[in-house]
Amino acid sequence: MSNPWEEISLDDYEKHMSLESVRQLQALDSIMQEQFNSYPAETAMVLGIAGGNGLEHVSSDKFRKVYGVDINLDYLRAVSLRYTELSGVLECLHIDLVNEVKKLPQTQLLIANLLIEYIGYGAFQKSVLQTAPEYVSCVIQINTDEEQWVSESPYLHAFDRLDEVHHQMEEKALTAAMDEIGYSLILQETYPLPNGKALVRVDFARNEEILI
């Protein structure tokens with residue numbers, strides 16, 4: 001059976017995420033500006049790139065390569081058309097992170113926003129180990145209502161199958177999972193959303209002893 005994310009149209013996804021009652025697209029755009037500029041990296045990878053929200057903050061003066069990874073080929077086609085100014089820097093990769101993790105190249109900065117929820121901690125650990133970044137910056141969603149974790153909207157039914165792959169997130173569990181593979185927490189910030197949910201950014205740095 002296909003992954004539910006392969007069936008969700010980009011139009012439905014972006015319209016839902018940008019609703020005034022949701023405002024996750026806007027929040028993530030602001031967060032990604034900080035993520036791209038916080039660390040000394042020339043290469044970066046965005047797991048779950050979707051339509052490329054936040055890529056406008058990529059400076060070709062700083063980055064020589066940025067990988068955009070997604071399981072939905074239509075999303076990647078849209079990204080390539082939207083960000084032609086990043087030609088030569090941006091490379092889109094069609095990869096299933098659960099089953100094809102070995103296809104991931106290495107990178108200095110790994111960004112994963114609202115992605116770990118859909119692959120689980122174990123698959124994310126494998127993605128980090130495969131890409132071997134110096135820095136990892138993640139955004140997870142904290143839900144006040146675990147039964148209704150997708151925000152109410154006219155596009156709600158586009159996400160009906162996501163229950164098949166969704167994992168409830170928790171900052172301490174993510175931090176513990178990263179610690180297991182040699183990454184230490186260096187930043188944690190919370191961004192409240194209009195509907196009682198919150199986005200939490202958690203960043204990690206690779207422990208020095210791992211480099212020996």
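Nearest heavy atom pair, residue Gln33 against residue Asn37, reads O-ND2, 2.7 Å. Nearest heavy-atom pair, Val128 versus Pro133, reported as atom, atom and distance to 0.1 Å: O-CD, 3.3 Å. Annotation for Asn72 and Ile8: closest pair ND2-O, 3.6 Å, computed over non-hydrogen atoms. When all heavy atoms of Tyr83 and Gly54 are compared, the pair lying nearest together is OH-N, 4.5 Å. Between Thr84 and Leu81, the shortest heavy-atom contact is CG2-O, 3.6 Å. Contact between Ala27 and Leu199 at its shortest, heavy atoms only, is CB-CD1, 3.9 Å.
Taking the side chain as every heavy atom from C-beta outward, His16 and Leu25 never approach each other to under 4.5 Å. Using a 4.5 Å heavy-atom cutoff, the side chains of Glu6 and Asn3 are in contact. Side chains of Glu85 and Glu56 form no contact here, defined as non-hydrogen atoms less than 4.5 Å apart. Between Phe124 and Ile181, every side-chain heavy-atom pair lies at or beyond the 4.5 Å cut-off. The shortest distance between side-chain heavy atoms of Ser184 and Asn207 falls below 4.5 Å. Contact check for Val66 versus Met45: no side-chain heavy atoms found under the 4.5 Å cut-off. You'll find the side chain of Leu55 reaches within 4.5 Å of the side chain of Phe36, heavy atoms only. When side chains are defined from C-beta on, Leu110 does not count as touching Tyr135, because their heavy atoms never get closer than 4.5 Å.
The hydrophobic clustering, which links ILVMFWY residues whose side-chain heavy atoms are closer than 4.5 Å, places Val202 and Leu129 together. Following chains of ILVMFWY side-chain contacts shorter than 4.5 Å, one cannot reach Ile111 starting from Val101, and the two form parts of different hydrophobic clusters. Note: the hydrophobic cluster containing Leu104 also contains Ile116 (ILVMFWY, side chain heavy atoms under 4.5 Å, direct or indirect links). Residues Tyr121 and Leu47 fall within the same hydrophobic cluster, defined by Ile, Leu, Val, Met, Phe, Trp and Tyr side chains chained together at heavy-atom separations under 4.5 Å. Each of Leu187 and Tyr191 belongs to its own hydrophobic cluster when Ile, Leu, Val, Met, Phe, Trp and Tyr are linked at side-chain heavy-atom distances under 4.5 angstrom.
Rounded to the nearest 0.5 angstrom, Ile31 CD1 and Glu34 CD are separated by 7.0 Å.
Counting only N and O atoms by type, the side chains of Asp203 and Tyr39 include a donor and acceptor under 3.5 Å apart. A side-chain donor from one of Asn113 and Gln35 sits under 3.5 Å from a side-chain acceptor of the other. Side-chain contact, Gln24 with Gln141: a donor N or O sits under 3.5 Å from an acceptor N or O.
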Enumerate, atom names and distances included, each donor-acceptor pair closer than 3.5 Å involving a side-chain atom of residues 171-180, sequence neighbours excluded.
residue: Thr175; atom: OG1; partner: Glu171; partner atom: O; Å: 2.9
residue: Glu180; atom: OE1; partner: Gln125; partner atom: NE2; Å: 3.0

Under 3.5 Å, side-chain donor or acceptor atoms of residues 86-98 against the rest of the protein: list the pairs with distances, not counting sequence neighbours.
residue: Glu91; atom: OE1; partner: Lys65; partner atom: NZ; Å: 3.2
residue: His94; atom: NE2; partner: Ile71; partner atom: O; Å: 2.9
residue: Asp96; atom: OD1; partner: Val98; partner atom: N; Å: 3.0
residue: Asp96; atom: OD1; partner: Asn99; partner atom: N; Å: 3.4
residue: Asp96; atom: OD2; partner: Asn99; partner atom: ND2; Å: 2.9

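Within a 6.0 Å sphere centred on NZ of Lys62, other residues, nucleotides and ligands contribute more than 12 heavy atoms.
Glu134 contributes no side-chain N or O that, together with a main-chain N or O of Gln108, makes up a donor-acceptor pair within less than 3.5 Å. Side-chain atoms of Arg206 come within 3.5 Å of backbone N or O of Ala132 as a donor-acceptor pair. The backbone N or O of Ala50 sits less than 3.5 Å from a side-chain atom of Asp70, completing a donor-acceptor pair. Side-chain atoms of Glu14 do not come within 3.5 Å of backbone N or O of Asp11 as any donor-acceptor pair. Panel note: side chain Thr107, backbone Ala44; a donor-acceptor pair is recorded below 3.5 Å. A donor-acceptor distance shorter than 3.5 angstrom exists from the side chain of Ser127 to the backbone of Ala123, with no hydrogens or angles considered. No donor-acceptor pair under 3.5 Å is formed between the side chain of Ser30 and the backbone N or O of Gln26.
Aromatic ring orientation, Tyr13 versus Tyr75: parallel (interplanar angle below 30°, classes split at 30° and 60°).
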* To do: Quick one: do Phe204 and Ser137 satisfy side-chain contact (heavy atoms from CB on, under 4.5 Å)? Show the steps, please.
  => CA-CA 6 Å; Phe204 304 89; Ser137 185; over 6 Å; no
* Please lay out, stage by stage, how Val69 and Val46 fare under the test side-chain contact (heavy atoms from CB on, under 4.5 Å). => CA-CA 6 Å; Val69 178; Val46 181; over 6 Å; no
* side-chain contact (heavy atoms from CB on, under 4.5 Å) between Ile49 and Leu76, worked out -> CA-CA 8 Å; Ile49 190 75; Leu76 296 174; 3.5 Å; yes
* To do: Please assess Arg201 against Ser38 for the test side-chain contact (heavy atoms from CB on, under 4.5 Å), listing each intermediate value before the final yes or no.
  => CA-CA 13 Å; Arg201 175 184 169 191; Ser38 291; 3.3 Å; yes
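Looking at Glu100 and Lys126, no side-chain N of the basic residue comes within less than 4.0 Å of a carboxylate O on the acidic one, giving no salt bridge.
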